[in-house]
Amino acid sequence: MKNWKVIIWLCVFYPAGIYFMFKYTKWKKGIKYTITAFLSIIAGIIVASGELFFSLVISGMFIFLIGLISIVKSVVNKGSKKVPFAILFVGILLFGFSIPQVESQEAERVAIEQQQQKEEQKEQEKKEKEKQLAQLKEATVAVEAVEQDKNRENYDKAYTLVAALALEDEGLTKRLKVIDTYLIKEEKTKEATLAVEAAEENKTRENYDKAFSIVSSIDLEDSDLDARLAEVEKFVVSEEDKNEKAVAALEKVKSDKNRDSYNAASTLISALAVKNTNLTYRLKEVDKVISAEETRIATEKAKEAEEAQKAEEELVAEENKKATKEAEQREQAKNENPTTSSAGSYVDAQVNGLIKGSSSGIYHVPGSTYYDRTTNPVAYFTSIEEAQAAGYRAPLR
């Protein structure tokens, strides 16, 4: 037998291949023993793994094919057909013997696997049930803890454990719902209290509305927040009324630009408990306008007063000039043609009185010491009796 055929038999059905190797090949004994030992180890591994019959099925199929090929070759070459038929028979024998064994072995393997799966499933179910019981116990302990110490941290921890339960526990869920309602109310109450405190500290409409919205959203029992908020509302309404009056006063002063209106608006704005920077700024702007107008009016009045004083001075100067001229004319007429009646009358040619009445209430007759010095008499008289009757007296000297 040729070497390649021996190799095929070693690969297909190693017991026959070993026989053919030792009988027909001239290989060294060491190689033959090594191949035998190696194939024996492989065979041992196959047997140990339970795949012996499967390998025999494969070997039977190859031997059957070899037998068919050998038969075809002997027919073509007209050689002996005993050996090919023997090989074919061996292949059929191996195949026929191994198939039931493989099927039996496969059925047994499937049964073992199913049994193992059932056992594993039972073990898994047991572990899962133990896990669920442990989770339920842990969740129950957490719920009891939050019932004793009601705070959001404990609630969140208990809620997480209850929500993680594989099977929902209605009892724990209801208990958590009660606690959550309590905590929400507590948190809302705290939020409402802080909002009311903020409104009390800074009494504005915005803070009041915020606090009112929060307080109205919860049912407060035995709480003074409503009363406190009512006080804030009174203050806010009062301030809004004051603010409206201040705005109206500011609009009025903007229209009439009057200092009295400005002072009234300033008083109202200063009286606001909550300072309105916008109104204060607008008031300052109006003050600038009023101040400018007052400056303009004061300047015009000063100019008018100056002009009036100047006109008055000019008028006085003109009157003085006229009086001086009249006095000079009287003096000239007196000097030219003085006349004194027997009855004591002092008149000039035009019968004008020549007795001078000074601003100090003294009369001076022509020829007396101060007659010529009195240049701006306030009155003239025709006789001493007339001057005395008017309340004037004679000079001391």
Is a side-chain donor or acceptor of [X] paired with a backbone partner of [Y] at a separation under 3.5 angstrom?
| X | Y | value |
| --- | --- | --- |
| D224 | A227 | no |
| Q309 | A305 | no |
| S255 | K252 | yes |
| S216 | F212 | yes |

Kindly write out the residues that satisfy salt bridge (Lys or Arg N to Asp or Glu O under 4.0 Å) with [X], not counting sequence neighbours, or none if the list is empty.
| X | result |
| --- | --- |
| E187 | R152 |
| D149 | none |
| E233 | none |
| K301 | none |

Do [X] and [Y] have side-chain heavy atoms sitting under 4.5 Å apart?
| X | Y | result |
| --- | --- | --- |
| V253 | I290 | yes |
| E168 | T173 | yes |
| L136 | L172 | yes |
| E231 | K234 | yes |
| I112 | Q116 | yes |
| D169 | V162 | no |
| Y155 | L176 | yes |
| L183 | K150 | yes |

Donor-acceptor pairs under 3.5 Å, side chain of residues 244-251 to any protein atom, not counting sequence neighbours: which ones?
| from | atom 1 | to | atom 2 | distance (Å) |
| --- | --- | --- | --- | --- |
| E251 | OE2 | R282 | NH2 | 2.5 |

Would you list the atom pairs, donor with acceptor, under 3.5 Å between side chains in residues 117-127 and any protein atom, with sequence neighbours excluded?
| from | atom 1 | to | atom 2 | distance (Å) |
| --- | --- | --- | --- | --- |
| E119 | OE2 | Q115 | NE2 | 3.4 |
| Q121 | NE2 | E125 | OE2 | 3.4 |

Discussion item. Test of understanding: with side chain to side chain donor-acceptor pair (under 3.5 Å), list the residues that count as partners of S358, not counting sequence neighbours.
Written reply: S360

Item to complete: Check side chain to side chain donor-acceptor pair (under 3.5 Å) between E300 and all other residues, then give those that pass, not counting sequence neighbours.
Response: R296

Distance-only check: which donor-acceptor pairs under 3.5 Å involve side-chain atoms of residues 188-205, not counting sequence neighbours?
| from | atom 1 | to | atom 2 | distance (Å) |
| --- | --- | --- | --- | --- |
| T189 | OG1 | K185 | O | 2.7 |
| T193 | OG1 | T189 | O | 2.8 |
| E200 | OE1 | R228 | NH2 | 2.9 |
| E200 | OE2 | R228 | NE | 2.9 |
| K203 | NZ | E200 | O | 2.9 |
| T204 | OG1 | N207 | N | 3.2 |
| T204 | OG1 | N207 | ND2 | 3.4 |
| R205 | NE | E240 | OE2 | 2.7 |
| R205 | NH2 | E240 | OE1 | 2.9 |
| R205 | NH2 | E240 | OE2 | 3.1 |

Worksheet item: Of all residues at least two apart in sequence or in a different chain, which pass the side chain to side chain contact (heavy atoms under 4.5 Å, CB included) check with D287?
Response: R259, Y262, S291

Worksheet entry | For S368, all residues meeting side chain to side chain contact (heavy atoms under 4.5 Å, CB included), sequence neighbours excluded |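 Listed in chain order: H364, V365, Y371.
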
Worksheet item: Would F381 and Y392 count as a close aromatic pair, with their ring centres under 6.0 Å?
Response: yes

Practice prompt. With sequence neighbours excluded, give me every side chain to side chain donor-acceptor pair (under 3.5 Å) pair touching residues 263-273.
Written response: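 Residue pairs passing side chain to side chain donor-acceptor pair (under 3.5 Å), neighbours aside: none found.
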
Worksheet item: Can a donor-acceptor pair be found between the side chains of Q388 and Y363 at a distance below 3.5 Å?
Response: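 Q388 vs Y363: donor-acceptor pair found between side chains.
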
Fill in: Residue pair K356, T374: steps toward the side chain to side chain donor-acceptor pair (under 3.5 Å) verdict
CA-CA 8 Å; K356 296 178 180 179; T374 305; over 6 Å; no

